[in-house]
There are 2 protein chains.
Amino acid sequence: MTMTEETEGSAAGLAEANLHAFAELLFFAYRDFTGDPDAILKDFGFGRAHHRVLHFVNRHSGLRVADLLDILNITKQSLSRVLKQLIDQGYITQKAGAADRRQRLLYPTDRGKALAKRLAAPQLVRLRAALAAAGPEAETAIRRFLEAMINAEDRPKVSAITTPAALQADRNDEGKPS
Amino acid sequence: MTMTEETEGSAAGLAEANLHAFAELLFFAYRDFTGDPDAILKDFGFGRAHHRVLHFVNRHSGLRVADLLDILNITKQSLSRVLKQLIDQGYITQKAGAADRRQRLLYPTDRGKALAKRLAAPQLVRLRAALAAAGPEAETAIRRFLEAMINAEDRPKVSAITTPAALQADRNDEGKPS
DNA sequence: TGGATTATGTCAGCCATGTTGACTTAATAC
DNA sequence: GTATTAAGTCAACATGGCTGACATAATCCA
């Protein structure tokens, strides 16, 4: 307050300094969110890229390579490098699609599931604590916030992924708890 | 609700699938949050690393190199590479510290301010829209959420940075608007 | 005063992960 | 039976992390 400047405060016209603070908080939050698994990954000779691939294959098993490329927004050559390592080292397996045998559907092995779980654990702890800290009512608001941060054209795709038992619907397979 | 499964709902014991959804939303949100400036940076031959450096120098002008290393969590060799380019190309200037002349305090030039502003613009638009989408009450909750996502030991430091007119307090200098 | 410490910079090399472009193979579509 | 599609591969390159070693100047301190 006081100060010169426009000092706004309405929901739609938030003070610019405030928005900058959110930008920085998001940066630090993401930095630390990825920090825990990064440390574990080093013990396996893997990097964050492996984590991302393993995560999505584990959480959405049976997805196609093209799905993964679409989700990660990287080239197939980039994906290829890490995916190959994960397959070679027995964390992920491929299976030809039933309807279209050109497709290589990706599945986590038991080993892959175990690693995915281990990598996710500290992140889930962190998220649980952060959501608790935000307050009981906050969950919906935070979800809406994060969804609105995503490019509008990608939101349907992301919703399909992050909403219980979608995506899988058209590719059958499980919505099994764990 | 309904559904089979364990379907918890308490604040402290959120359903695991729900937490995984938050993890993925955070991934997509951050991906797109950084996407806009990344595109602009390419036109300048810069990358995301330059953006981060320029952002913090611009928002917290007069910080020391050591501050920047601490904030970014990278080595001085990594920082050096991008900082040097930003200095050589006239986006950032250095000034020896008044009290301790070993320090090189970092300031944005007019050119640097202009680029920082241009890079921030789409991010601020996105954040404003996302906060609006989350609802008027949500701002505080989201801030608490993001703060709680940060490593506990770093929170004081981050608060000092993201809270209006702190940090600068002990290094005098401006809290000047624009 | 002079040696230790600190703030910063720099050289050299390595690694992870992104990119583009070109090309192959196998399966599907029409 | 040709065109298209899904996936894989080779090669080269860019960015931005990293470690290790060392240099310079300024400050601290005994």
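Letters A, B, ... are given to chains in the order of the sequence lines, protein chains preceding strands, and every chain is numbered from 1. Below, each value reflects all heavy atoms present in this structure, side chains not excepted, and no hydrogens, waters or symmetry copies. None of these values were measured; they are calculated from a predicted model.
From A:L105, atom CG reaches atom CD of A:Q94 across 9.0 Å, with rounding to the nearest 0.5 Å.
Each of B:R52 and A:L83 was assigned the nucleotide of DNA chain D with the nearest heavy atom; the assignment lying further toward the 5' end belongs to A:L83.
Within residues 30-48 of chain A, no residue approaches DNA chain D, by heavy-atom distance under 4.0 Å.
Between C:dT10, D:dA7, D:dG16, one nucleotide has an atom nearer to the side chain of A:V65 than all others, and that is D:dA7.
A centroid separation of 6.0 Å or more is found between the aromatic rings of B:F33 and A:Y30.
Put simply, the side chain of A:H60 never gets that close to the backbone of A:V57: no donor and acceptor are under 3.5 Å apart.
The separation between A:L69 atom CG and D:dG8 atom C1' is 11 Å, rounded to whole Å. What separates CD of B:Q103 from C1' of C:dG9 is a distance of 15 Å, to the nearest Å.
In this structure, a donor-acceptor pair under 3.5 Å is absent between the side chains of A:R128 and B:N18.
Between B:D70 and B:R64 there is no salt bridge, since none of the side-chain N atoms of the basic residue sits less than 4.0 Å from a carboxylate O of the acidic one.
Note on ring orientation: taking the six-membered ring where Trp is involved, the planes of A:F46 and A:Y91 are perpendicular (angle over 60°, cut-offs 30° and 60°).
When all heavy atoms of A:A134 and B:R144 are compared, the pair lying nearest together is O-NH2, 3.4 Å.
Heavy atoms of B:Q85 sit nowhere under 4.0 angstrom from any nucleic acid atom.
Cluster membership check: A:F56 shares its hydrophobic cluster with A:F44, using side-chain heavy-atom separations under 4.5 Å among Ile, Leu, Val, Met, Phe, Trp and Tyr.
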Return a single string for nucleotides 18-30 of chain D, one symbol per nucleotide in 5' to 3' order, where B is base contact, S is sugar-phosphate-only contact and - is none, cutoff 4.0 angstrom on heavy atoms. BBBB----BS---
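The phosphate of D:dG16 has OP1 or OP2 within less than 4.0 Å of a side-chain N or O from B:H50.
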